[in-house]
Structures are given as structure tokens and as C-alpha cells.
Amino acid sequence: MNLLVRNATAILTGLKGSQARHAGPDLRVREGRITAIGALVPEPGETQVDATDCVVYPAWVNTHHHLFQSLLKGDPAGLNATLTPWLQATPWRLRPHMDEAMFRLAARIGLLELALSGCGTVADHNYHYWPGMPYDGSAILFEEAQALGLRFVLCRGGGTLSRVEAANLPPSLRPETLDRFLGDVDRLATQFHDPAPDAMQRVVVAPTTPPHSMRPAELRETAAFARARGLRLHSHLSETVAYHDIVHAHHAMKPVHFCQSIDWLGPDVWFAHLVKLDADEIALLGATGTGIAHCPQSNGRLGSGIAPVRALEAAGAAISIGVDGAASNEAADMLSETHAAWLLQRARAGEAALAQHRGGEGEAQAAAAATVEDVVRWGTAGGAQVLGLPAVGTLAPGQAADIAIYRLSEDPRYFGLHDPAIGPVASGGAARLQMMLVGGRTVVEHGHVPGLDVHGLGREARDAVRRLLAAAQ
Ligand code: ZN
């Protein structure tokens with residue numbers, strides 16, 4: 001489709017510094033790519049999109065999720081728990097009772113929520129695999145993302161060890177052999193992985209968590225396998241202090257140094273969370289160009305802490321934003337997540353401020369905290385960087401036309417803003433999407449996915465939760 005987006009109030013590009021904004025006000029799309037941004041004259045055959053009173057962002061790139069958890073929101077048993085008791089109370093308890101239909105429905109709900117927030121690329125860390133699994137969950141995830149028109153990166157989780165201690169482990173919590181794990185990664189890569197800079201489908205090697213999911217030699221073998229196959233690596237790390245205790249007890253080192261020892265650092269690796277880091281670990285992550293999926297809402301919900309994102313970025317690490325699974329984040333959309341990232345990075349800087357009479361910099365210490373432009377860059381270009389998709393995540397000629405257009409003229413929340421460009425992030429809420437394009441194709445229009453029955457999906461979700469809880473009794 002040939003499009004001309006006309007008369008935008010503001011354009012944030014996802015780029016750095018003076019390039020973070022473009023005066024626009026128009027943006028041209030040809031065959032899935034942005035060909036021009038500026039004051040443009042309509043051309044014959046172009047469909048015009050009126051973006052008056054709208055702000056334009058790159059479509060968001062979500063770099064960490066567990067879509068199957070979209071039917072596990074707000075479970076009272078885990079609502080006020082920290083990470084490990086929450087894992088026991090909610091995902092480990094309920095996962096064994098999810099069937100194929102529930103898994104597909106959960107994926108559909110999570111992907112739709114993201115799409116309606118303006119997210120065009122989703123990386124899902126799926127660890128719902130077990131020996132003899134009767135359906136292909138990976139294929140379901142790719143199918144659901146494709147049906148919506150989203151870019152999808154499958155981070156193939158699981159492992160050879162189980163953290164769950166039980167005499168009779170339910171089949172769906174049983175670990176795999178390394179051969180089966182790598183064999184399935186190989187199958188998925190052959191079937192789905194596209195190395196192109198604007199790929200619609202990617203596969204990543206992603207044992208669920210390094211200290212718990214595999215033995216060190218297996219993790220090293222997994223990293224070598226991924227690199228030989230041209231695949232990236234992803235996992236969880238240092239979400240809470242418990243990671244330091246377990247790695248110290250078993251390996252007598254810090255979690256990031258453990259990852260170095262198993263070849264799990266580098267620009268082709270990104271970790272979710274990285275909340276609890278010592279200064280030498282931040283330096284090592286930065287020096288190796290390792291990435292983070294910053295998940296501030298889940299980290300807040302589970303009482304884990306606030307990741308030192310500014311220090312990581314200053315050290316050289318790649319910064320991206322992830323919503324994490326909805327079982328620990330009941331607002332798993334990119335606007336809520338980036339709103340939280342903005343506020344919490346600023347709060348973190350203030351938390352560390354020291355009065356001048358005590359030798360500190362006073363309030364000035366917090367002045368270098370995150371700006372809205374920083375957060376937009378992390379959630380777009382930063383995500384594209386950690387996923388290795390350089391043709392998405394920024395608005396510039398030649399880039400893929402992954403574009404979120406927010407209409408701020410229908411909600412009083414956004415009225416009175418001196419700088420409308422910051423509205424979708426700074427004001428929070430659910431800024432209404434006038435349109436979202438992915439690769440130039442319309443995914444969302446006037447706040448809806450054309451042809452999708454949201455009310456019907458809500459009914460299916462309520463029914464599935466009822467069946468899930470009945471099965472888990
Ligand atoms: Zn996670």
C-alpha cells in the first residue's frame with residue numbers, strides 16, 4: 001500500500017540526541033518501507049492518513065514476554081508473593097492444567113493487548129515444552145502473531161533440569177534432554193528463522209534461566225550451537241538477590257561472571273531483568289555489549305527492585321524494554337511498561353541522591369535520569385538492536401514502515417499537554433491508536449484490529465479461566 005501520513009503534531013524517531021525528533025509533519029510509505037519524512041506533497045495513487053492531532057512513534061519492540069501467562073493474571077495465590085514463591089503459587093501450579101486451546105487463546109490475548117498499545121514486534125520467551133508434548137506450541141505462537149500481522153521472535157525456552165521438586169512431576173514440568181532441546185531448536189530454525197534485518201519471524205536459543213535450567217557444560221554447548229547456527233541467545237538473569245545466592249553456592253562467583261564462564265555474554269545475548277548487579281558486573285555487561293530486557297512493572301509487582309538501566313547504558317550495554325509475562329504484570333502492554341520505565345528510572349536516580357552537606361550532588365544527581373526520548377529509544381531502537389533487526393525500531397527513510405500513530409484528541413488525559421510528543425509515555429493510560437502499521441500493512445485502525453471480536457475473546461478468556469481453575473483443584 002502506498003501511504004502518506006499527513007500533518008502529524010509530532011514525530012519521535014527512536015533515534016538518539018538531536019535526531020530523536022523529526023519536524024515532519026508528513027511521512028511517506030512505499031512497499032512496506034518509509035521513503036521520506038518532511039513536508040511532503042501528495043502523489044497520485046497515495047492513500048492519505050490524516051494525522052492531525054496525532055503523535056507518531058516507531059512501533060514498539062517488546063523483548064521479553066511469556067504469552068502463555070495471559071490467562072494467569074492476578075492469581076490471588078501469587079499476587080503478593082516475591083519471585084520464587086510466586087513461581088510456585090502461579091505458573092508452576094497452573095501450567096500443567098493448560099491445554100492446547102488455552103495456550104492458543106492466551107497467546108492471542110497477549111499479542112492483541114500488545115498490538116493495541118502500538119507494539120509491532122514481540123519476542124516471546126516460551127518455556128512451555130516437555131517430552132512427549134502433544135501439540136506444537138511454537139507453531140501456535142508463530143501462527144497467532146502472523147494472523148495479527150506482527151513480527152515474532154520465538155525465544156525457545158525450557159531446559160534439562162527442573163526446579164520443581166515433586167515425587168511425581170506433572171508431565172508438562174518435566175525437563176528435556178539436551179539432544180531433544182537442541183534438536184527442536186534446529187527444527188524451528190529451519191522452519192521459521194529468517195536472518196533478514198526486517199524479518200517477520202526469528203528463532204532464539206533461550207534456556208529458561210542459566211543457574212537453574214542446564215548444567216554449565218550444557219549451557220556452553222548451547223551457546224556454541226546457537227552461534228554456529230547464527231541464532232541469538234536469551235534468558236533470565238539476576239531478577240532478585242536469589243540469583244546471587246544460588247550462583248555463589250554452586251559456583252562461588254557472581255551471576256554475570258558465571259555467564260562469562262559459560263560463554264553467555266556478548267552483543268548476541270540479552271537477559272531479562274538484570275535488577276541486582278554489582279558495579280563489576282555492570283562493567284562486564286557493558287564491555288561485552290550484552291543486552292537487557294528491562295521489565296520494570298514485573299520487577300515492581302514481584303518486589304524485585306529497579307534495574308540500573310542508566311548505569312548499564314553508560315557502560316555500553318544494549319537497553320530494551322520487555323513487558324514480561326502477564327502472570328506477574330497485569331498491564332502487559334508497551335505504553336504501561338514504558339510509562340513505568342520512565343518514572344522508575346527517575347525515582348531510582350532520586351533514591352540514590354545524597355544531600356550536598358553530606359558530600360553528595362543534591363538534587364542534581366537525579367537530573368541525568370531517563371527522559372521520555374530515552375525510554376522511547378529503549379522501547380523501539382533498543383529492542384531492534386538486541387533482537388538484531390536493524391531495519392525496524394526507528395523512523396527514517398529506508399526503514400521498515402513499523403509505525404504507531406496515536407490520536408490524543410479524544411481523551412482529556414492528553415489535553416493541556418505543552419509537548420504532545422511525550423503524551424503516550426508521560427501521561428500513561430492507553431493512548432488511542434489511530435493506526436499501527438507493520439511493514440506498511442495495517443494491523444490496528446481506529447483502536448481496533450479489523451475483523452477481531454474483542455468481546456468474544458473476553459468471553460472465551462473467562463470460560464478458559466474457569467476451566468483452568470476447575471482442572472487445577
Ligand atoms: Zn520472564
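- Interatomic distance, CG of L433 versus CG of L335, reported as 7.5 Å (0.5 Å rounding).
- Considering only heavy atoms from C-beta on, V375 stays 4.5 Å or farther from Q345 through its side chain.
- Atom CG in L231 sits 5.0 Å away from atom NE2 in H193 (nearest 0.5 Å).
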Legend entry - Verdict with reasoning, E313 to K16, per salt bridge (charged side-chain N to carboxylate O under 4.0 Å, His left out): CA-CA 13 Å; E313 184 166 51; K16 255 190 176 157; 5.2 Å; no
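- Scanning all heavy atoms of the two residues, the minimum distance from V61 to A384 falls at CG1-N, 3.9 Å.
- The side-chain heavy atoms of W264 and L237, taken from C-beta on, include no pair separated by under 4.5 Å.
- Between the side chains of T190 and R229, at least one donor N or O lies within less than 3.5 Å of an accepting N or O.
- Using a 4.5 Å heavy-atom cutoff, the side chains of L285 and L274 are in contact.
- The stretch residues 391-403 participates, sequence neighbours left out, in these salt bridge (charged side-chain N to carboxylate O under 4.0 Å, His left out) pairs: R151-D402.
- In this structure a side-chain-to-backbone donor-acceptor pair under 3.5 Å is present from D374 to T371.
- Taken to the nearest 0.5 Å, the CD1 atom of I321 stands 6.0 Å off from the CE atom of M334.
- T13 contributes a side-chain N or O that, together with a main-chain N or O of Q19, makes up a donor-acceptor pair within less than 3.5 Å.
- Note: Y57 and Y406 have perpendicular aromatic rings, judged against thresholds of 30 and 60 degrees for the angle between ring planes.
- Aromatic pair H236/H212: ring centres not closer than 6.0 Å.
- A side-chain donor-acceptor contact under 3.5 Å links S235 to the backbone of T208.
- In summary, D463 and R459 do not engage in a salt bridge, as defined by a charged side-chain N under 4.0 Å from a carboxylate O.
- One distance of note links CG of L302 with CG of L79; it measures 10.0 Å at 0.5 Å rounding.
- Remark: E445 pairs with no residue by the salt bridge (Lys or Arg N to Asp or Glu O under 4.0 Å) rule, at least two apart or across chains.
- Scanning both residues, R346 and A370, for their nearest heavy atoms gives NH1-O, 2.8 Å.
- With values rounded to the nearest 0.5 angstrom, K276 atom NZ is found 14.0 Å from Y243 atom OH.
- Side chain of R232 to main chain of V386: a donor-acceptor pair is present (N/O by atom type, distance under 3.5 Å, no hydrogens or angles).
- Ring planes of F142 and F192: parallel class, angle under 30° (limits at 30 and 60°).
- With H125 contributing its side chain and A206 its backbone, the two residues share a donor-acceptor pair below 3.5 Å.
- A donor-acceptor pair is defined here as one N or O able to donate and one able to accept, closer than 3.5 Å; no such pair exists between the side chain of R202 and the backbone of L154.
- At distances below 3.5 Å, not a single donor-acceptor pair connects side-chain atoms of W378 with backbone N or O atoms of H294.
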Legend entry - Residues L312, L277; criterion side-chain contact (heavy atoms from CB on, under 4.5 Å); working and verdict: CA-CA 10 Å; L312 280 166; L277 298 173; 3.8 Å; yes
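- The environment of CZ in R441 is sparse: at most 12 heavy-atom neighbours from other residues, nucleotides or ligands sit within 6.0 Å.
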Atom pairs and distances, side-chain donor-acceptor, residues 388-395, under 3.5 Å, sequence neighbours left out:
unit_1: T394; atom_1: OG1; unit_2: Q399; atom_2: NE2; d: 2.7

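- When all heavy atoms of L105 and A464 are compared, the closest pair comes out as CD2-CB, 3.7 Å.
- The main-chain N or O of L169 is found under 3.5 Å from a side-chain atom of R174 such that the two form a donor-acceptor pair.
- At a threshold of 4.5 Å between non-hydrogen side-chain atoms, the residues W92 and S162 do not count as touching.
- Under 4.0 Å is where a charged nitrogen must lie from a carboxylate oxygen, and between K73 and E330 no such pair does.
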Inset, instruction - Report the C-alpha distance between D263 and R227 in whole Å, list the side-chain angles of each, state the deciding distance to 0.1 Å, and finish with yes or no for salt bridge (charged side-chain N to carboxylate O under 4.0 Å, His left out). - result: CA-CA 10 Å; D263 305 326; R227 289 180 174 124; 5.6 Å; no
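- Side-chain contact check for S320 versus Q385: every heavy-atom pair is 4.5 Å or farther apart.
- Residues T209 and Y127 bring no donor and acceptor atom of their side chains to less than 3.5 Å of each other.
- Two residues are said to be in side-chain contact when any heavy atoms from C-beta on lie closer than 4.5 Å; W342 and I422 fail this criterion.
- In this model, a donor atom of one side chain and an acceptor atom of the other lie less than 3.5 Å apart for H66 and D324.
- Note: L148 CG to L112 CG = 6.0 Å, rounded to the nearest 0.5 Å.
- For the pair H22 (side chain) and I11 (backbone), a donor-acceptor distance under 3.5 Å is absent.
- In this structure, H128 and L67 have side chains that are not in contact, with every pair of non-hydrogen atoms separated by 4.5 Å or more.
- No donor-acceptor contact under 3.5 angstrom links the side chains of W60 and E337, judged on distance only.
- Side-chain contact check for H251 and H257: no donor-acceptor pair (N or O, by modelled atom type) lies under 3.5 Å.
- Side chains of N329 and C295 form no contact here, defined as non-hydrogen atoms less than 4.5 Å apart.
- The backbone N or O of I306 sits less than 3.5 Å from a side-chain atom of R348, completing a donor-acceptor pair.
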